*Asks:* 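Can you keep this structure in mind? I'll have questions shortly.
Not measured: the values here are computed from a predicted model. When reading the values below, keep in mind they use all heavy atoms of this one structure, side chains included, and skip hydrogens, waters and symmetry mates.
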Amino acid sequence: MNIMMKGIGMIVIFTFLTACTVNEINQETKMNAASIPTPRDDLEGTVGTEAWNSPHTFTLDFSKVEWEQPLPQATITNHLGTVVEKKQINDYVVFLYQKDQENLYAAIQSGSSTFDIGQIGYILQQKDSISIEQVDAFGKDYVKITGFCGANCPITNYVQMDKNPPSLLQIQAHTVEADLNQDGVKEIIATVGTLAETSIYRLRQERMETVNLNEAMKAQVVIYKYETNTFEASIQNEAMSVWKYLDGKMVSHTVVRGDL
């Protein structure tokens, strides 16, 4: 009987000690697991990854654009219509002319040849809204002529004169040229609408591409800030946040600065 009681006692003690050991192991396992860093939802350091629609990175899907249509050669300049303004741009002369009472047209002359750009404005009285300048974009020189096709309907014409015949890239938006990713080549940023809708145009291996940032980021408003070379966007009706264009992606400014 004593032997049996001693046996039972030994079993109870062994069971108790085993349970304590298992409990200590479980506690240690939990502590070790808690010390292992888990993946962060904010995707810190995702610059250069293939993240899509993360809270802090949007990969941009650029699409091809048919661009730079050849300009038709015009008749003798004197027969264009009523010339209302002309401006010398290096070796070229840009004419603003009128064929009717409502519309404003443009042509550009190089040497003895004149090329018709077409309608650039609506209502002669608003010709002060027209601007003519030379700009650099995609590593090329362009004569840039800005106009409009009506209320809140801007038109920007980029004429490349070193081709034969000269070619035209027309964008229905306000535009600015800027080196977004600091690689020495300027892209074109185009913005239109009361709730600003902004697109990027870039040239890759002679292929013109564009992306609509509002669609890519599901943003109600996207505004480019030339002074800081950044974008401000309102995503899902939230407050404006700051973004940077890097290697075909829009990256949250907090990620770029490492503030997360």
*Asks:* Measure the shortest side-chain to side-chain distance between Lys144 and Glu177 over non-hydrogen atoms and say whether it is less than 4.5 angstrom.
*Replies:*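 Yes. Closest side-chain heavy atoms under 4.5 Å.
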*Asks:* Are Thr175 and Tyr158 close enough that a side-chain donor and a side-chain acceptor fall under 3.5 Å?
*Replies:*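 The criterion, which ignores hydrogens and geometry beyond distance, is satisfied for Tyr158 and Thr175.
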*Asks:* Looking at Leu213, Thr210, Ile188, which one forms a side chain to side chain contact (heavy atoms under 4.5 Å, CB included) with Ile200?
*Replies:*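 Single pass found, and it is Leu213.
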*Asks:* Taking all non-hydrogen atoms of both residues into account, name the closest pair between Gln160 and Asp141 and its distance.
*Replies:*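 Looks like CG-O, 4.0 Å.
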*Asks:* Please examine the side chains of Met250 and Tyr245, heavy atoms only from C-beta on, and report whether any two atoms are closer than 4.5 Å.
*Replies:*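 Result yes, sub-4.5 Å side-chain heavy-atom pair found.
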*Asks:* Does Arg202 make a cation-pi contact with Phe62 (under 6.0 Å, within 45 degrees of the axis)?
*Replies:*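 Judged by the rule (NZ or CZ under 6.0 Å from the ring centre, within 45° of its axis), Arg202 counts as positioned above Phe62.
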*Asks:* Indicate yes or no: at least one non-hydrogen side-chain atom of Leu168 is less than 4.5 angstrom from one of Asn157.
*Replies:*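 Sidechains of Asn157 and Leu168: in contact.
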*Asks:* Just verifying a value: how many Å separate Lys244 NZ and Gln182 CD, rounded to the nearest 0.5 Å?
*Replies:*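 Going from the NZ atom of Lys244 to the CD atom of Gln182 covers 5.5 Å.
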*Asks:* Quick one: closest heavy-atom pair of Tyr92 and Val143, and the distance?
*Replies:*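 Smallest heavy-atom distance, with atoms named: CD1-CG2, 4.2 Å.
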*Asks:* Judged by modelled atom types alone, do Thr156 and Thr146 share a side-chain donor-acceptor pair under 3.5 Å?
*Replies:*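 No, no side-chain donor-acceptor pair sits under 3.5 Å.
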*Asks:* Of all heavy-atom pairs between Asp116 and Ala106, which one has the smallest distance, and what is that distance?
*Replies:*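 Minimum heavy-atom contact is OD1-O, 3.0 Å.
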*Asks:* Are any non-hydrogen side-chain atoms of Met208 and Leu169 less than 4.5 angstrom apart?
*Replies:*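 When only atoms from C-beta onward are counted, Leu169 and Met208 do touch, with a gap below 4.5 Å.
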*Asks:* Tell me if the NZ atom of Lys163 is crowded by more than 12 foreign heavy atoms within 6.0 Å.
*Replies:*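 Check passes, neighbour count above 12.
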*Asks:* Could you state the interatomic distance from NE2 (His253) to OG1 (Thr230), rounded to the nearest 0.5 Å?
*Replies:*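 Nearest 0.5 Å value for the NE2-OG1 distance: 6.0 Å.
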*Asks:* Flag the pair Glu85 and Lys87 as a salt bridge only when some basic side-chain nitrogen lies within less than 4.0 angstrom of an acidic carboxylate oxygen.
*Replies:*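 A salt bridge is absent here (no side-chain N lies under 4.0 Å from a carboxylate O).
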*Asks:* Under a 4.5 Å cut-off applied to non-hydrogen side-chain atoms, are Asp61 and Val211 in contact?
*Replies:*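 A side-chain contact is absent here, since even the closest heavy-atom pair is not under 4.5 Å.
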